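This structure is a prediction, so every number in the text was calculated from the model and none was measured.
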Amino acid sequence: INAEYGGIFKVEELESLISGWSGEEEGWDTSSLYESIQFDHGYSSGSNASQIFLQVLSELKQEERRQFLLFVTGSPRLPVGGFKSLHPRLTIVRKDHVAPLTADDYLPSVMTCANYVKLPDYSSKEVMKKKLLFAVQEGLYSFHLS
């Protein structure tokens with residue numbers, strides 16, 4: 001960018017132009033997430049796990065949000081327009097468990113290229129948040145074929 005034009009932009013505007021949408025707080029409330037996320041293969045938008053997932057996401061701190069986005073999409077930022085502009089759309093599906101294990105014994109997993117989260121049907125909001133954050137932080141720089 002030509003330096004003589006730099007003065008006409010705010011820092012946030014330049015950041016948005018160069019590295020994507022900077023509306024860090026926008027789109028993370030439960031109603032916006034509800035409109036932007038698709039639930040499928042065992043979950044519906046009205047299922048208990050789906051509602052808890054939306055609550056957990058809306059309560060994440062800024063750094064946790066960036067880590068979640070990097071884990072799920074491969075980028076720490078949303079595109080301009082937020083979750084609604086993700087292509088393919090962020091999709092949450094049910095990850096089944098195999099007895100004698102329970103859903104609480106599993107971590108969520110992702111298909112990053114497809115913005116696809118495989119989420120076990122956890123027993124509580126606390127368990128879901130703990131497992132999600134653990135998976136996000138431990139899997140942040142990991143890539144495995146499954």
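Taking Ser32 as the reference, Asp29 meet the side-chain contact (heavy atoms from CB on, under 4.5 Å) condition, with sequence neighbours excluded. Partners of Ser50 according to the side chain to side chain donor-acceptor pair (under 3.5 Å) rule, which considers only residues two or more places apart in sequence or in another chain, are Ser47. Judged as a side chain to side chain donor-acceptor pair (under 3.5 Å), and not counting sequence neighbours, the contacts of Asp105 are Thr102. Contacts of Thr30 classified as side chain to side chain donor-acceptor pair (under 3.5 Å), with partners at least two apart in sequence or in another chain: none.
Here the closest non-hydrogen pair linking Pro79 and Leu86 is CD-CD2, 3.7 Å. Taking every heavy atom of both residues into account, Ala114 and Pro88 meet most closely at O-CG, 3.4 Å. Minimum heavy-atom separation, Arg89 to Ser36: NE-O, 3.1 Å. Closest approach of Tyr43 to Leu119, counting heavy atoms only: OH-O, 2.8 Å.
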Considering only distance and modelled atom types, tabulate donor-acceptor pairs under 3.5 Å from the side chains of residues 93-100, sequence neighbours left out.
{"residue": "Arg94", "atom": "NE", "partner": "Asp96", "partner atom": "OD1", "Å": "3.4"}
{"residue": "Lys95", "atom": "NZ", "partner": "Leu107", "partner atom": "O", "Å": "2.8"}
{"residue": "Lys95", "atom": "NZ", "partner": "Ser109", "partner atom": "OG", "Å": "3.3"}

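Considering only heavy atoms from C-beta on, Pro76 comes within 4.5 Å of Leu70 through its side chain. In this structure the side chain of Met111 reaches within 4.5 angstrom of the side chain of Lys118, judged on heavy atoms. The closest side-chain heavy-atom distance from Phe68 to Leu132 is below 4.5 Å. Counting heavy atoms from C-beta on, the side chains of Leu133 and Leu60 come closer than 4.5 Å.
The line from CZ of Arg66 to OG of Ser75 is 10.5 Å long, rounded to the nearest 0.5 Å. With values rounded to the nearest 0.5 angstrom, Phe53 atom CZ is found 15.0 Å from Tyr34 atom OH. Atom CG in Asn115 sits 10.0 Å away from atom CZ in Phe83 (nearest 0.5 Å). Atoms CD and CD, on Gln62 and Gln67 in that order, are 11.5 Å from each other to the nearest 0.5 Å. Note that NZ of Lys84 and CD1 of Ile37 are 12.0 Å apart. Values are rounded to the nearest 0.5 Å.
Although no hydrogens or angles enter the test, the distance criterion places a donor-acceptor pair under 3.5 Å between the side chain of Asp104 and the main chain of Ser123. At least one donor-acceptor pair under 3.5 Å links the side chain of Gln51 to the backbone N or O of Ser45. At distances below 3.5 Å, at least one donor-acceptor pair connects side-chain atoms of Tyr122 with backbone N or O atoms of Tyr106.
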Take Tyr116 and His41 through the test side-chain contact (heavy atoms from CB on, under 4.5 Å) and record every step on the way to the result. CA-CA 11 Å; Tyr116 201 82; His41 300 294; 3.3 Å; yes
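Applying the salt bridge (Lys or Arg N to Asp or Glu O under 4.0 Å) definition to pairs two or more places apart or across chains, those involving residues 39-63 are Glu59-Lys125.
A chain of hydrophobic side-chain contacts below 4.5 Å, direct or via other Ile, Leu, Val, Met, Phe, Trp or Tyr residues, connects Leu57 to Phe71.
Under the side-chain contact (heavy atoms from CB on, under 4.5 Å) rule, Val72 has a single partner from Thr112, Ile92, Leu90, which is Leu90.
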